[in-house]
Amino acid sequence: MDLLSVTSEIYPLIKTGGLADVAGALPAALGAHHVAVKTLVPGYPQVMSQLRDTQVVIEYEDLFDGSARILAGRAAGLDLFVIDAPHLYNREGGPYGGASGDYADNWKRYAGLSFVAAELSRGKAQGYEPDVMQAHDWQSALAPAYVAYGGGRRKAKTVMTIHNLAFQGQFGRDIFWKLQLPPEAFSMSGVEYYGGVGFLKAGIQTADAVTTVSPTYAAEIRTREFGMGLDGLLNVRSDRLHGILNGIDTDAWDPGTDPFLHANYRLSTIKQREENKLALETRFGLNRDDGPLFGLVSRLTWQKGIDILSSCIDPLVNAGGRLVVLGSGDDTLESAMASAAWRHPGRVGFERSYDEPLSHLIQGGVDAILVPSRFEPCGLTQLFGLRYGAVPVVSRVGGLADTVIDANLAAVEAGVATGVQFSPVSQHALLGAINRTIALYRDERVWSRMRRNGMKFDVGWHASAAKYVKLFRELLGQATEDDDSDS
Ligand code: ADP
Ligand code: GLC
């Protein structure tokens, strides 16, 4: 089976968040199930500079106001199609914006990505015609619409994968006429959304199947509270909506071999882990003591509950905890973290940056990793935490609810707990969770059992990749009877 995966970011070439991790890990995960994945990505400078063995497969004189070439090639072990279109993607800033905010022509940049995806799906590149096209998030979400309205013979089935419903790609109606879609596409059953154009809405509406990245989030987004205005449509399409949990790349994230750790360790050599904690204490100038060290690695945004965490830092410190924070994002939340570090020298450390190696060291050194999100489609940091023996302390939403077993009395008694959950997402509940974590930490037997359970928990891709394959086969009318995985 051939899959064309369409994404605006992919690890290790370009990353702003978990989407890149997932897009980067899926090819190998699906490859193990005999699905050959090629990924279509924009030709950002970070991608162009790493691309090897290139071959031009399509040329455009005019792709959204400039000439473009579609290149097939390889980079970092990935099979890629890359859109070499300097007028759209050759910019100095990040993938979505620069110092002065989001690029004003993002609609055009990602309509271009989606348009090319549909062309590739239709066999426009000689010798390549995928069976399934998977569009990730709003940036690729017009692709299923371009396929649906493309007319003619159509082989590829389309899957819209939602990683985050908060980012929808909504634009004014004036752009519609530049999208090269037929007039009938500007309707409720097409790309029209509240009088304008909605990219994600269009993808959900027109794809053959819709997936999101955890079963709980798949249920949540059908409610008004989490649906971000799309709950009505998602309910209409609920028979085609599947929640398939993300995994993590267990080679890139392996405490036994991770080059970013001061000391590698496994369950049998867990004592070595202490060295990573010492390295963190040194790096952040923390005092040493016998209380737990909490960590946070996150975009600093409302979604992630950072304002709530910030209101809990003084009591966390008073209760004997310490905290290291790695993240960047909203100005006010960055300031709140900087101020906490300033108020608590030796007990709270803050690094305002995006630092992949440090994110690994934090997972490999802290006692507990905090994920207090208001909503979390899947969340990867708690999965890294489980694998690295950093006990996750999480809000009970989305993928966090699906991947952490709360240390309630029954779970501790049964010896199955892997972390601490709290609900609702409030200061009071988070404080309760922090205090509970500190108490659990002080009970060495219980704590080491939790950590051990977490490190043994299956956070890899195998089971979820099988679910994707089952879905793809169903769409292609090839479901086999011996397939017992469900989605
Ligand atoms: P989201 O995609 O919503 O940000 P996820 O938990 O799915 O959340 O993925 C976040 C990814 O980004 C993880 O790989 C995490 O380690 C990484 N990350 C977030 N902030 C930073 C940072 N400041 N430095 C390094 N890595 C970060
Ligand atoms: C999004 C979500 C996050 C998820 C990631 C990868 O960025 O916010 O929860 O883990 O996508 O699917």
Side-chain angles (χ1 to χ4, degrees), residues 5 7-12 14-26 29 94-96 134-140 160-168 200 211-218 220-221 226 228 243-250 252-253 258 260 295-306 324-330 333-334 337 349-364 366 369-388 390 392 394-395 397-404 459 461 464 468:
S5 172
T7 180
S8 59
E9 50 183 275
I10 186 164
Y11 183 83
I14 178 138
K15 166 169 166 179
T16 71
L19 167 61
D21 291 305
V22 172
L26 265 176
Y96 313 122
Q134 181 178 21
H136 297 277
D137 270 353
W138 79 264
Q139 294 91 342
S140 316
M160 179 72 239
T161 297
I162 303 169
H163 295 263
N164 196 334
L165 207 55
F167 304 107
Q168 299 188 358
L200 188 58
T211 68
T212 187
V213 290
S214 71
T216 294
Y217 193 58
E220 287 170 346
I221 57 179
F226 291 95
M228 309 234 164
I244 303 178
L245 200 62
N246 286 335
I248 59 171
D249 180 337
T250 48
W253 290 89
D258 191 327
F260 301 130
L296 175 87
V297 178
S298 184
R299 292 185 286 120
L300 302 181
T301 64
W302 184 85
Q303 172 191 345
K304 301 294 180 179
I306 306 302
V324 293
V325 174
L326 167 64
S328 59
D330 298 351
L333 299 173
E334 287 182 355
M337 288 300 148
F350 173 44
E351 174 104 13
R352 188 185 69 84
S353 69
Y354 187 92
D355 186 333
E356 190 79 26
L358 181 57
S359 75
H360 286 240
L361 183 62
I362 290 178
Q363 295 285 5
V366 299
I369 189 88
L370 290 161
V371 196
S373 308
R374 286 194 167 85
F375 66 95
E376 196 59 77
C378 179
L380 300 178
T381 41
Q382 84 282 9
L383 301 181
F384 301 144
L386 288 168
R387 183 152 168 86
Y388 277 57
V394 305
S395 51
V397 294
L400 303 173
D402 292 335
T403 54
V404 174
V459 289
W461 265 108
S464 293
Y468 276 114

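Note that ligands are numbered from 1 as they come in the structure, with each ligand's atoms numbered from 1 the same way.
- Here's the thing with Lys304: none of its N/O atoms is less than 3.5 angstrom from an N/O atom of ligand 2.
- No donor-acceptor pair closer than 3.5 Å links the side chain of Asp137 to the backbone N or O of Gln139.
- In terms of polar-atom proximity, defined here as any N/O pair under 3.5 Å, Cys378 does make such a contact with ligand 2.
- Within the 4.0 Å heavy-atom cutoff, Gly17 does not count among the residues contacting ligand 2.
- Neither the backbone nor the side chain of Pro377 comes within contact range of ligand 1; no heavy atom lies under 4.0 Å.
- When heavy-atom distances to ligand 1 are checked against a 4.0 Å cut-off, His163 has no atom that comes that close, whether in backbone or side chain.
- Proximity to Gly379 (heavy-atom distance under 4.0 Å) selects the following atoms of ligand 2: 3 (C), 4 (C), 9 (O), 10 (O).
- In terms of protein heavy atoms, atom 1 (P) of ligand 1 is closest to Lys304 NZ, 3.4 Å.
- Within the 3.5 Å criterion, the main-chain N or O of Ala390 finds no donor-acceptor partner in the side chain of Gln363.
- Summary of contacts: the protein heavy atom closest to atom 2 (C) of ligand 2 is His163 O, 3.1 Å.
- Among all heavy-atom pairs drawn from Tyr354 and Thr16, the shortest one is CE1-O, 4.4 Å.
- The atoms of ligand 2 that sit less than 4.0 Å from any heavy atom of Gly18 are 5 (C), 6 (C).
- Proximity of Asn164 to ligand 2, defined as any heavy-atom pair under 4.0 Å, is confined to the side chain (atoms from C-beta onward).
- Which of Val371, Leu400, Asp355 comes nearest to atom 25 (C) of ligand 1 through a heavy atom is settled by distance: it is Asp355.
- If you number the atoms of ligand 2 from 1 as listed, the ones under 4.0 Å from a heavy atom of Val22 come out as 6 (C), 12 (O).
- Taking a cut-off of under 4.0 Å to the non-hydrogen atoms of Leu380, the atoms of ligand 1 that pass are 5 (P), 6 (O), 7 (O).
- In summary, the atoms of ligand 1 found under 4.0 Å from a heavy atom of Ser353, numbered by their order in the structure, are 22 (C), 23 (N).
- Counting only distance, with no hydrogens or angles, the side chain of Arg387 and the backbone of Trp253 share a donor-acceptor pair below 3.5 Å.
- Of the protein's non-hydrogen atoms, Glu376 OE2, 2.5 Å is the one closest to atom 9 (O) of ligand 2.
- Going from atom CG of Leu380 over to atom CG of Asp21 covers 5.5 Å, rounded to the nearest 0.5 Å.
- Applying the 4.0 Å criterion to heavy atoms of Gly17 picks out, from ligand 1, the atoms 2 (O), 11 (C), 12 (O).
- With respect to Glu9 and Lys15, no salt bridge is recorded, no charged nitrogen being found less than 4.0 Å from a carboxylate O.
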